[in-house]
Every structure is written in structure tokens, then in C-alpha cells.
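Report on the structure given below.
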Amino acid sequence: TTCISFELHGTVARFHHVLSSCRLTCATRLLGERCITIVSHSVYERVAMAEAVTTDVAKLQVKELYTSEKSGNDETGDGTEAKPFKSVLQAMRAAGAEPFPSVLVDSKSDDQRWEPVSSSQLKKQKKLWEAEKRKIAKKSDADAVRQQQDSEAAEKHAKQLEEAKKIVLKEDPALPKAKQIKIRDATSHRDQRVKVFGWTHSIRRQGKVLMFIILRDGTGFLQCVLNDDLCLCYESLILTAESTISICGFIREIPEGKTAPGGHELIADYWQLIGLAPPGGTDNAVNRESSVDIMLDQRHLVLRWESPANIMKIRSTVQQCFRDHYFANGYYEITPPALVQTQVEGGSTLFKLNYFGEEAFLTQSSQLYLETVLPSLGDVFSIAESYRAEESRTRRHLSEYTHVEAECSFISFDDLLNRLEDLVCDVAARILASPQGELVKQLNPDFVVPKRPFRRMNYTDAIDWLREHEINKDDGTPYIFGDDIPEAPERKMTDAINEPILLCRFPAEIKSFYMQRCEDDKRVTESVCGYMLISTGV
């Protein structure tokens, strides 16, 4: 037995260690005021023990610890007089075990800096320290139990996977040949054997031999029921959300009292794993609690959620309904270029780029291009992207947006207003009558086709309305003729009136140069702002 002695300001602590080597070596290390003598039988063990002993000595060989509520710090302090702890409890933590060194605190007397901590305070802090130690010990025990359980679970799962690899799924040749369909066609294929490709939207296991998969293929959702070997094979045990699979089986109407997408489910008899997704699905990158910026960065994943996907379907239908309206009224569709060399709006909102040595811009509007084809094609329209170099994030200002534009020849200003009104009402009616109409009702149950006729309000009447209702500018002054009406007062007005408004006849000074002036008032132009319809849900 080797004896290791520590001389700690008069206190001697002894540790014993059994060594196997027979050669005796003695080493002495001097640490400050403390002398440590290590007796060992091996050079290698002597060095290792010296390092371990040095660490323990730093804790044991402390005669007194300093604490100060005034100048101490539990995070950066070390218990010395120069760098005291803030609390007595931290001093006890530093000591690590009883008996504690003398603990000194701020003196209440002016003629001395430190004094021993009172016995009552020491007793109170000791209780807290003991409770903390019990809590740490309890957590350590719980962590050990949990680690053991996790280890056992991992071992069990590994065995399950090895057993599952022995199960090989084969399609039964005696069954009817499966017909490949889209999920949207499932209703018309009930009681038939079908094959569906898609992505696993969600997975739910019930016991060992039953599993429910909600499959998504972009046209809808389908509940698939797997049992026995279908959910015991290796592929089913490693299957994750967003994985790509194909699955065969019969489409059956669900029993009364049960619910499933479409009112039916696929009773699977065979399936294949095509592509395995990483564990965690889309939640690893983005979830519904994520910030808007993260959702936009991960937009391709967010679109896999049901509501965003439904919005994209409605958006597609809206564009189709615009096209149907225009075609039904004799318009031709034009596909204008995105790269132009002229500006439509102010030059400050142009995205500039070098086009093979020449200056070019991303288009702000296809209006001027449409005007050039009026003499050859008559009434025309376009649905294309427009770009404006604006960082503002409002529903009226976007750096990129889908722009529906039309140009008509030989019509009056009243004809223009009538066509706008007809466009809005006809497109809204077409959307509600489309297959996506139900999705619109889900997202906006109160949406209806706007009633005709729309209110037609002149710009001067809008200024008068704002003044009458004491809706003022940001500086507190009332709106006057010639002021642009920002979004906030516009929203207050449209919310109060609560019906679609065509705001007409804006001052020439705030409109583009090509706007025709009104015959009865040369101060204003034949112009209209239909964006105010947004406030009523159109």
C-alpha cells in the first residue's frame, strides 16, 4: 500500500492506493506554501497521480473563503480576499464538502473589513447547500437510470431491426393488378385495387401490428392502413415522415362513426419504400412557431403544410379564373418581357442590371408593352411578374408580385369602371364555382361575391370624409386636396363604409403624366384605385 501525505496548514489528509510495481520512487512537488509528497512504485503512475492529487488539493487546502454582498461575484470570484464570492452558498459549493473552511463576510463594523459569518446564517445556507446536493444526486441517479433505459431500448430496437430484416414483402400474384391513380380519384375507385405514389404526411402506430399512414400526393390526402408483416418489416420500422413510398390495396369506405380524408381509406396489401427522408420531417428545419423570416427561407418545406398548399391551389385557380374571364370577353393574352430598357413608374424603384453591356431593368409594369399591341390585337391582358425596388413589407408594396394588367381601346372612363366591376365580380363567382371553392370557404368562410354596383367615390369626397371623421395625417394636420391618401386612413375609411369602393378622379399632380384630365375639372384625372377592394376581402 502506498501512502500519499498532504500537509495542509497543519492538517494531514491520507489517501491509499494499491500499486502493482515493485520499484519505489519518491517525488516531491511544491505548490505555493503547501508541500505534497507522493510515494509511488511507477514513474507513469506517479505522474498521473500527481495530476489528480493537484486537482483535489486545490479544493482541500483552503483555510478561509471570502464572500461579499457588496463587491463579490459568484461567477467570476474565486473566494480569495481579492476576488470574493457574492454568497455564502457559493463558498460552500467551492469547498465541496464538510468541514467547511472559515467563511468571512462583510463586517458590520467600520474598523474592520471582514468578520466570520454568523452561525444562524451559516446554518441556513448549509440547509440550502444540502438540499442542492440532494437535488444534484437525485438528478444524477435519474440520469443514470434514463441512460440505462435508453441503452436497453437501443439494444432492443437493434434486435427488432435485425429480426425485421428477415421479413421480405412480396406482392400477391393472385390479387387483381393494381391500377395507378391519383388520390383525387380515390372516390371513383372505391372497392378496387389501386396503386398510389406519394409522401408520408404523418405516421401513427397502434400496437405492434397496426400502422396508419396519411399519404399526400399533391392532389389530396389518403389514409392507408397497414397490418401484420406490412408494419413489421424493416422498411416500416425505419419509415419517417416525408418519405416517398408506393402502396397497393383496396379503397374502402370507412365505417360509420369513423373519420378519414375523403371518407375512405386504403387497406394495404403491399408497399415499397422509394426514398427515406431524414428523421424529424420538416420540423427539423421549420415549424408553425418559427418566425416569418425562417418560414420564408424554408418556403419549399412550409408549402408541404396543408394550409399553405391550399393557398397555392387557390392562387392557381384565381389566375385561371382571370384568364377565363378575359378570354370570355374577347381579350388576347400577351406575354411581355421581364427585361426592359424603359421605366413605367419612378426610377427610384427600378432593379438595374447589365444586359450584355447595356443598362436594363426588371419590369415595373407591362402596361406600356400592352399598349403597343392594341392596334394589332385589340383588347389584351397579361398575367406576369412585376418588380419594384422597395423594401417595404405591406400588402401594397412588394419587391416581386404577380401583376394582372389589361388594356382596352376606345372605351370611356365609365366603361372602364364597369369593366373593373364586372372583372372582380365575375372572377370571384368563378372561383367559388370551381373545385377549389370549398378551400376558399375553409380559409375564409364569410367570403361572398361582392354586390353590385360598387360605390364610386371621387378623391375630393374621400378627402372630405377623412376631415369629417377627424382622421388626420401623422403630423396631426387634416388632409387637403393634393395629398396622397396612405394605407392606414384608407383602411379606416373602407372598414367604416364596409363595401367595395372605386376611388376615382385623383389630382393630376400625384398621377402619371399620361393620365387624361377630366373635362369638367382639369385639376383631376380619369384615374381609379381598385386596390381599396382588398379591405372588404375581394
Side-chain angles (χ1 to χ4, degrees), residues 1-19 26-40 45-150:
T1 301
T2 300
C3 177
I4 305 172
S5 299
F6 300 86
E7 188 174 6
L8 309 176
H9 298 283
T11 302
V12 177
R14 295 182 181 273
F15 294 81
H16 300 277
H17 187 71
V18 178
L19 303 175
C26 180
T28 301
R29 176 177 294 182
L30 183 65
L31 295 176
E33 300 175 359
R34 309 167 180 87
C35 180
I36 307 169
T37 301
I38 303 173
V39 181
S40 174
E45 291 190 64
R46 181 189 72 202
V47 174
M49 291 177 61
E51 294 296 332
V53 168
T54 301
T55 301
D56 291 335
V57 167
K59 296 180 180 178
L60 293 173
Q61 53 190 219
V62 178
K63 186 176 181 180
E64 50 197 18
L65 291 171
Y66 293 83
T67 67
S68 173
E69 290 287 339
K70 300 175 183 178
S71 59
N73 190 305
D74 284 345
E75 295 181 0
T76 60
D78 59 9
T80 62
E81 186 173 3
K83 297 176 65 176
F85 295 122
K86 185 177 182 65
S87 64
V88 174
L89 180 59
Q90 183 63 19
M92 293 180 173
R93 293 184 186 130
E98 296 185 84
F100 298 123
S102 297
V103 179
L104 303 179
V105 298
D106 295 317
S107 175
K108 297 181 178 62
S109 174
D110 296 335
D111 57 354
Q112 61 180 0
R113 176 68 180 88
W114 308 98
E115 66 180 17
V117 64
S118 66
S119 57
S120 59
Q121 185 181 2
L122 187 64
K123 184 177 180 181
K124 180 179 179 181
Q125 295 300 313
K126 183 179 177 181
K127 288 182 178 180
L128 294 175
W129 176 76
E130 290 174 343
E132 189 176 88
K133 283 194 65 177
R134 288 194 297 270
K135 183 177 180 181
I136 293 173
K138 184 177 180 181
K139 183 179 183 302
S140 178
D141 292 342
D143 289 343
V145 172
R146 184 165 53 251
Q147 190 175 19
Q148 177 66 22
Q149 291 174 343
D150 291 343

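The structure displayed is predicted, hence computed values, not measured ones.
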Taking salt bridge (charged side-chain N to carboxylate O under 4.0 Å, His left out) as the definition, give me every residue that meets it alongside Glu115, ordered by chain and number, with sequence neighbours left out. Lys108

Flag, side chain of Lys86 to backbone of Ser68, donor-acceptor distance under 3.5 Å: no

Side chain to side chain contact (heavy atoms under 4.5 Å, CB included) filter on Asn73, not counting sequence neighbours, yields Glu75, Thr76

Sequence neighbours excluded, the answer for side chain to side chain donor-acceptor pair (under 3.5 Å) partners of Gln148 is Glu152

What pairs of residues pass the ring-ring contact (aromatic ring centres under 6.0 Å, His included) test when at least one of them lies in residues 88-128, not counting sequence neighbours? Tyr66-Trp114, Phe100-Trp129

Residues in salt bridge (charged side-chain N to carboxylate O under 4.0 Å, His left out) contact with Lys70, at least two apart in sequence or another chain: none

For residues 70-94, pull every pair meeting ring-ring contact (aromatic ring centres under 6.0 Å, His included), keeping only residues two or more places apart or in separate chains. none

Test side chain to side chain contact (heavy atoms under 4.5 Å, CB included) on Asp106 and Glu69; report intermediate values, then the result. CA-CA 7 Å; Asp106 295 317; Glu69 290 287 339; 4.1 Å; yes

Counting only heavy atoms not in Asp111, do more than 12 fall under 6.0 Å of its CG? yes

With sequence neighbours left out, write down each residue that passes side chain to side chain donor-acceptor pair (under 3.5 Å) with Ser119, or none if nothing qualifies. none

Could you tell me which residues satisfy side chain to side chain donor-acceptor pair (under 3.5 Å) with Ser87, sequence neighbours excluded, listed by chain and number? Asp74

Student check: side-chain heavy atoms of Leu104 and Pro116 closer than 4.5 Å: yes

Tell me which pairs pass salt bridge (charged side-chain N to carboxylate O under 4.0 Å, His left out) where either residue lies in residues 95-104, with sequence neighbours left out. Glu98-Lys126

In terms of heavy-atom contacts, Thr67 and Ala91 come closest through CG2-CB, 3.8 Å

Donor-acceptor pairs under 3.5 Å, side chain of residues 130-142 to any protein atom, not counting sequence neighbours: which ones?
residue : atom : partner : partner atom : Å
Glu132  : OE1  : Arg93   : NE           : 2.8
Glu132  : OE2  : Arg93   : NE           : 3.2
Glu132  : OE2  : Arg93   : NH2          : 2.8
Lys139  : NZ   : Asp143  : OD2          : 3.0

If I take atom CG from residue Leu128 and atom NZ from residue Lys123, how far apart are they, to the nearest 0.5 angstrom? 13.0 Å

Test side chain to side chain contact (heavy atoms under 4.5 Å, CB included) applied to Lys124 - qualifying residues, sequence neighbours left out: none

